[in-house]
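Have a look at the structure below before the remarks.
What you see is a predicted model, and the numbers here were worked out from it, not measured in a lab.
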Amino acid sequence: MTSLATSTSTIGAVELHDLLAGVSEYALVDVREARVTAEQGSILLGIAIPLSLLELRVDSLIPRRSTPVVVYDGGEEDLAGRAARRLGELGYPDVKVLDGGLHAWAEAGYKVQNGGDHVIGQAFGEWIEEVYETPHVSVPEFLRKREAGEDVVLLDSRPIREFENHSLPGGTSIPGAELVYRAAQVVTSPDSLVVVNCAGRTRSILGAQVLINAGLPNRVVSLEGGTQSWVLEGHELDHGKHSVAPLPTGAALDAAHAAAERFRERFGVRSIDKATLQRFRSETDERSLYVLDVRTPEEFEAGHLPGAASAPSWDVAPWVFRYIATHNARIVLVDNDEVRATVAASWIVQFGWGEVFVLHDALSDERLETGPVPRTALDVPEGGFTLITPEELRTLVDDAAATVLDLQPSFEYRAAHLPQAAFAVRARLAASAEAIAGDGPIVLTSEDGVLARYAAADLAAVTSRPIRVLDGGTAAWRAAGFPLEDGNQTWLHEADDAVASGWRETDPELRKAGFRRYLSWEAGLVAELRADDTVPFKSFA
């Protein structure tokens, strides 16, 4: 059992289980690194906020400081205790540690989910297919139809950046609720077979089902296994292609509005006016409030409601936990004409995540803000280390006069890092101080330098070696024109910060093996849900 400071409150597994079954607000936070969570297992309703990134993510994910928060780890380490103490320092007074961690949860007879740091996202897609009997076609069936000259329209439910990275020949990117909004601009004949694909299964299923729910007159199916099955069948992907459906006009826009009305009626989506939103804002000491703009990031940055966060519809479903860690909170969705917000709300209603509303007439007669909303990093350290410029660090590197530690994600470290830099995980850094090579200055970097400041403060408390932080991080080094390298990799810590993915494998056979494992895992998730009595999903079949 985890050893905790006497000031840290604990909660037992049975009491936590009762909390998850209730209707009051709470946040359940898994503070382990992502790969550890995926391999050791997790609680279905937990949100992964690794201790390494706690100060960078918690403000937006748990905005109400008085929210009851439960943190947990595997049960053998003190990560949860450290996280609880840190959350207390950041202004969260109601924090408890799951006594005995995940081990105690399992010992109490409750389900442990395996395979990802947020299993619930993929599980939702598999549940949708099971409950609504979403139809699908295999890659060979799809190709046979195309080769036979059948009228087939291929819609890719991933955002354009993913699409450009790799796509199926002939596809068009229409992600998330954009499918309902824009499909009629691309699908011009009711006789066309509409095939929806993604990288694997989840967004293919959700995309196909949402078009069926919208009342599209066509036959709609998901492409079983998506681009991963395409590769496994021996076919080549396109790279660098750009194909996006335009915003709807005329009859296509009318069809989108009609579809939104169907979603309101079927899923009980509620609308509120601006006066109600203002009342919600005045009550944030008692109830958590998330205002999410589900349009594209480009639309958001061109003009958005003050206080709203950009949460594109393709992220909200099924990845609502990327934006909302508090269960049973108030969630207000915003767009320009209530189509995409209503569709996204229908997903959240089925997900059972919180009390969701669509803001009526959200953007009219408002002084809109422009540009991205910067993240809020809490209690960023200012002392205990010295900032250095890329030019100063270049001299230290050339003279081999310092040890450089890189805190960026491990897959980005593999792709490109500062010369001679070793990969490190922030939450493990203080305990590894004696293992850091050399006896001179230690220089820390991260992508923008902010995470490096937190790590520097951690390290300064346990070593007498001079601590430096690259001002502006690796981005500043890159902007100065200095070289990065992909070889010469040194690992102070294992790459436990990222879940293993076949897409990150460079060997074709290892990539295919990763795809097979992933698709098999996804297909088995419904059976795993049947063994879990904390599943929040709500059926409208």
Side-chain angles (χ1 to χ4, degrees), residues 125-126 128-129 132-246 248 251-252 255-256 259 314 502-503 508-509 511-512 514-516 518-520 522-523:
E126 299 301 321
I128 288 287
E129 184 181 56
Y132 295 95
E133 298 181 342
T134 310
H136 60 264
V137 296
S138 67
V139 169
E141 289 176 286
F142 168 71
L143 287 173
R144 280 196 296 270
K145 290 179 180 296
R146 267 196 171 175
E147 290 164 0
E150 293 187 29
D151 183 2
V152 180
V153 177
L154 179 64
L155 304 181
D156 192 315
S157 59
R158 301 172 302 148
I160 188 59
R161 290 184 66 181
E162 272 192 71
F163 182 91
E164 289 175 339
N165 182 268
H166 66 267
S167 62
L168 301 187
T172 299
S173 169
I174 317 184
E178 303 292 333
L179 279 162
V180 175
Y181 199 47
R182 306 182 190 221
Q185 288 289 125
V186 177
V187 184
T188 56
S189 168
D191 299 322
S192 301
L193 171 66
V194 177
V195 179
V196 183
N197 82 279
C198 69
R201 292 174 54 86
T202 307
R203 290 171 290 180
S204 302
I205 295 166
L206 293 178
Q209 189 59 50
V210 83
L211 286 176
I212 294 169
N213 293 346
L216 196 73
N218 304 70
R219 182 184 174 218
V220 182
V221 298
S222 70
L223 182 64
E224 189 175 16
T227 56
Q228 294 187 40
S229 285
W230 183 267
V231 173
L232 290 173
E233 294 286 346
H235 307 298
E236 294 294 323
L237 294 169
D238 282 343
H239 300 279
K241 294 294 179 67
H242 184 94
S243 179
V244 179
W314 55 84
W503 290 110
E509 293 308 311
R511 171 170 285 191
K512 289 179 181 178
F515 290 170
R516 293 187 187 97
Y518 180 80
L519 293 173
S520 175
E522 281 195 311

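Rounded to the nearest 0.5 angstrom, Asp238 CG and Ser243 OG are separated by 10.5 Å. Here the CG-CD1 distance, from Leu155 to Ile174, works out to 4.5 Å after rounding to the nearest 0.5 Å. Here the straight-line distance linking atom CD of Glu522 with atom OG1 of Thr202 works out to 4.0 Å at 0.5 Å rounding. Summarising the geometry, atom NE2 belonging to His242 is positioned 6.0 Å from atom CD belonging to Glu164; distances are rounded to the nearest 0.5 Å.
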Residues 182-191, side-chain donor-acceptor partners within the protein, below 3.5 Å, at least two apart:
| from | atom 1 | to | atom 2 | distance (Å) |
| --- | --- | --- | --- | --- |
| Arg182 | NE | Glu178 | OE1 | 2.6 |
| Arg182 | NH1 | Ala245 | O | 2.7 |
| Arg182 | NH2 | Glu178 | OE1 | 3.2 |
| Gln185 | OE1 | Thr249 | N | 3.2 |
| Ser189 | OG | Asp191 | N | 3.1 |

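Counting all heavy atoms, side chain and backbone alike, Ala208 lies closest to Ser222 at CB-N, 3.7 Å. Residues Phe142 and Val195 share a closest heavy-atom pair of CD1-CG2, 4.0 Å. Looking at every heavy atom in both residues, Val180 comes nearest to Ala259 through CG1-CB, 3.7 Å.
By the side chain to side chain donor-acceptor pair (under 3.5 Å) test, Asn213 pairs with Gln209, Arg266, sequence neighbours left out. For the ring pair (Phe, Tyr, Trp, His ring centres under 6.0 Å) test, no residue two or more places apart in sequence or in another chain qualifies with His136. Residues passing the ring pair (Phe, Tyr, Trp, His ring centres under 6.0 Å) test with Phe515 are Trp503, sequence neighbours excluded. For the side chain to side chain contact (heavy atoms under 4.5 Å, CB included) test, residues two or more places apart in sequence or in another chain that qualify with Leu168 are Leu154, Asn197, Leu223, Thr227, Trp230, Leu237. Legend: residues meeting side chain to side chain contact (heavy atoms under 4.5 Å, CB included) with Glu133, ordered by chain and number and at least two apart, are absent. With sequence neighbours left out, the side chain to side chain donor-acceptor pair (under 3.5 Å) criterion links Glu141 to Ser138. Ser229 meets the side chain to side chain donor-acceptor pair (under 3.5 Å) test with no other residue; sequence neighbours excluded. Judged as a side chain to side chain donor-acceptor pair (under 3.5 Å), and not counting sequence neighbours, Ser167 has no contacts.
The stretch residues 196-209 participates, sequence neighbours left out, in these salt bridge (Lys or Arg N to Asp or Glu O under 4.0 Å) pairs: Glu126-Arg201, Glu129-Arg201, Glu162-Arg203. A side chain to side chain donor-acceptor pair (under 3.5 Å) check over residues 143-153, counting only residues at least two apart or in different chains, returns the pairs Asp151-Ser192. For residues 211-229, the set of pairs meeting the salt bridge (Lys or Arg N to Asp or Glu O under 4.0 Å) definition, not counting sequence neighbours, is empty.
Between Pro175 and Ser157 the shortest side-chain heavy-atom distance does not fall below 4.5 Å. Ile128 is listed as a side-chain neighbour of Thr134, based on a closest heavy-atom distance under 4.5 Å. Counting only heavy atoms from C-beta outward, the side chains of Leu519 and Leu232 approach each other to under 4.5 Å. Side-chain contact between Pro135 and Ile212 is present, with heavy atoms from C-beta onward closer than 4.5 Å.
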Start with the C-alpha distance between Val196 and Val220, add both sets of side-chain angles, then the distance that settles side chain to side chain contact (heavy atoms under 4.5 Å, CB included), and finish with yes or no. CA-CA 8 Å; Val196 183; Val220 182; 4.3 Å; yes
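Of the candidates Leu211, Val194, Leu206, Leu179 forms a side chain to side chain contact (heavy atoms under 4.5 Å, CB included) with just one, namely Leu211.
At least one donor-acceptor pair under 3.5 Å links the side chain of Asp156 to the backbone N or O of Arg158. For Ser204 (side chain) and Cys198 (main-chain N/O), a donor-acceptor pair under 3.5 Å exists by modelled atom type.
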